[in-house]
Number of protein chains: 2
Amino acid sequence: MLTIGQLAAYAGVTTRAVRHYHQIGLLPEPERDASGYRRYGAKAAVSLIKIRTLANAGVPLSEIGQMLEADASTFAEGIERIDRHLRDEIERLETSRKQVTQLIAGDSLALPPEVTSYLDRLREIGTSERMVEAERDGWILVVARWPEGIREMMPAKFAHLDDPQLVRLYQLGSELIESDAGDDDPRLEEAADILAALAEQAYTSGEIDPDKEARDEVPFGLLDALAVESDPRAQRLLDLMRKRGWSSWTRTRPERLAD
Amino acid sequence: MLTIGQLAAYAGVTTRAVRHYHQIGLLPEPERDASGYRRYGAKAAVSLIKIRTLANAGVPLSEIGQMLEADASTFAEGIERIDRHLRDEIERLETSRKQVTQLIAGDSLALPPEVTSYLDRLREIGTSERMVEAERDGWILVVARWPEGIREMMPAKFAHLDDPQLVRLYQLGSELIESDAGDDDPRLEEAADILAALAEQAYTSGEIDPDKEARDEVPFGLLDALAVESDPRAQRLLDLMRKRGWSSWTRTRPERLAD
DNA sequence: ATGGAGGGTTGACGCAGCGTCAAGGTCAAG
DNA sequence: CTTGACCTTGACGCTGCGTCAACCCTCCAT
């Protein structure tokens, strides 16, 4: 006759686990000896080992009881379910692992490689680190909203970097964000002019679909808000854009107000 | 400004999750509006998305806060840890899956294929189903104790089945276990004779190492107990073996009492 | 103005599978 | 007789939220 400790050791589990199985009725409570100790026979050891085998395989304890009582075909059916579940779980972890290894590269937290390359390009053209970080956070919001569409829009974004206007814009942004210039800095006007010009280009070339963007206002609002939260002077930039007939600098759609 | 529901929807989580992150201090509580509603800015959305990215990757919430604050090298180190953990987890599940698919074959619950083949062989030589089940439970105990050694001992076991004595023994066992014969059935004596002869053979041929087995009494005791629990008449068999100078039928070692 | 739908608020319990005290009683050995 | 290793029950803790409950707020249609 085994004590609970011996039984547990034999099956390679803790005594707490055994008592837990008793509590949930998975393993029947054995007889007690004179002093109230549980005393186990060999069948208990066999049962416990079977239980652990299924539990190690990921079967929830609540199902193990039925599985051990089931006939062959029901059992096989249960096994099938378990196996599917295990496959799904493994797949989930595999994709997690892929994402995690991408995280090792600095910016890629929550960002696909295309976008991190874009950020690296920004650094190459002299964009300041804080500006890149602001840009990165913006992309995080964009990717969260259009995880699929991101791939198709990136080539155009890269191409855009050949435009000296855009390069100048990032330069202005870098200077401003690093400086303590006030709301009245003339570079804000210059930035607004460039933004308006770029918006005009994009709009007339049909690159922007106002209807499409109208249906998805939230992210644009968030992007504007993010800019202002990152640097309050962005508010002034938004105002300047509105004066020029654009509802915001990220939501490049002419407003009715412009009428 | 977003409500908690809008924020949650944007990041693809539930409001409960967001509130949970507040509770544990992972996401700072935002300002409230006049009616006490939480109002979120864009930075909260960015933070929440970052949090979910790490959480989806399997990072415990308790570590995410530090990881997001950490510098690049500390972050990379954390990622490394996470990745190792993911690898281990995947491996664990893979082995579970292997075990589970083996379970589909009937007897293999907690048993390696060598043993299930052995059980199938027993069926072929006419061993009754209940006898096979008893044998199977015995093997479960054996495998639990010597998971490594099982592979090397099985060939000898298979070879043993060529011995007509052993075949007869399983036949006797099958008959007895299926019948309601009493303690005085002469077949018990016959079985004891065979067992004693086999034990003698094994002992003189050096197949058994008494010292080795002495160090590991528990499993032998369990096997004896299992037999008796499966069929009380096994007790009589044990007694008969003891009379013949063997301490039990599974623990094939001569006792001092035999002096 | 009213009522209902669909938000929001805090508080609390529930889940799986045990780990881990706490506060004792028991057993075997020296 | 003591000591240390075991046993007993009971209860809380952990992770990451899900799910009531009971109530308040806002907006829209009537």
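Proteins come first, then strands; the chains are lettered A, B, ... in the order of their sequence lines, and each starts at number 1.
- Summarising the geometry, the separation between CG on A/Leu48 and C1' on C/dG17 is reported as 14 Å, rounded to the nearest angstrom.
- Residues from residues 12-26 of chain B that place a heavy atom under 4.0 Å from any atom of DNA chain D, listed by number: B/Thr14, B/Arg16, B/Ala17, B/His20, B/Tyr21.
- A rotation axis mapping the C1' atoms of four pairs onto the next four is fitted at both ends of the helix from C/dA1-D/dT30 to C/dG30-D/dC1 over five pairs, and the angle between these axes is 20° to 10 degrees.
- For residues 7-18 of chain B, there are no salt bridge (charged side-chain N to carboxylate O under 4.0 Å, His left out) pairs, not counting sequence neighbours.
- Using a 4.0 Å cutoff on non-hydrogen atoms, no part of residues 2-9 of chain A comes near DNA chain C.
- A search for side-chain contact (heavy atoms from CB on, under 4.5 Å) contacts involving A/Glu91 returns nothing, not counting sequence neighbours.
- Every residue two or more places apart in sequence or in another chain that forms a side-chain hydrogen bond (donor to acceptor under 3.5 Å, both in side chains) with B/Arg38 is listed here: B/Glu29.
- Taking B/Tyr118 as the reference, B/Trp139, B/Phe158 meet the ring-ring contact (aromatic ring centres under 6.0 Å, His included) condition, with sequence neighbours excluded.
- Heavy atoms of other residues, nucleotides or ligands lying less than 6.0 angstrom from NE2 of A/His22 number more than 12.
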Kindly indicate, with the supporting measurements, whether the criterion salt bridge (charged side-chain N to carboxylate O under 4.0 Å, His left out) is fulfilled by A/Lys50 and B/Asp137. CA-CA 10 Å; A/Lys50 288 182 180 175; B/Asp137 286 354; 3.8 Å; yes
May I have the step-by-step check of side-chain contact (heavy atoms from CB on, under 4.5 Å) for B/Arg145 and A/Tyr10, ending in yes or no? CA-CA 7 Å; B/Arg145 204 53 173 190; A/Tyr10 198 96; 3.5 Å; yes
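- Once rounded to the nearest 0.5 Å, the distance linking CG of A/Leu7 with CZ of A/Arg39 reads 11.5 Å.
- In the 5' to 3' direction, nucleotides of DNA chain D lying under 4.0 Å from heavy atoms of chain A begin and end at D/dC6 to D/dA11.
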Evaluate side-chain contact (heavy atoms from CB on, under 4.5 Å) for B/Thr95 paired with A/Asn56, printing each intermediate quantity in order. CA-CA 10 Å; B/Thr95 61; A/Asn56 287 337; over 6 Å; no
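- Taking the side-chain contact (heavy atoms from CB on, under 4.5 Å) definition, one finds that A/Arg87 meets it with A/Asp83, A/Arg84, B/Arg97, sequence neighbours left out.
- Side-chain contact between B/Leu226 and B/Ser230 is present, with heavy atoms from C-beta onward closer than 4.5 Å.
- Taking side-chain N and O atoms only, B/Arg32 has a distance below 4.0 Å to OP1 or OP2 of C/dT10.
- Considering only residues two or more places apart in sequence or on other chains, A/Thr15 meets the side-chain contact (heavy atoms from CB on, under 4.5 Å) condition with A/Ile4, A/Ala8, A/Arg19.
- Ion pairing between A/Arg130 and A/Glu133 fails under the 4.0 Å rule for side-chain N and carboxylate O.
- Considering only residues two or more places apart in sequence or on other chains, A/Asp71 meets the side-chain hydrogen bond (donor to acceptor under 3.5 Å, both in side chains) condition with A/Ser73, A/Thr74.
- The shortest non-hydrogen separation linking A/Leu222 to B/Ala42 is O-CB, 3.2 Å.
- Proximity of residues 33-40 of chain A to DNA chain D (heavy atom under 4.0 angstrom from any strand atom) is restricted to A/Gly36, A/Tyr37, A/Arg38.
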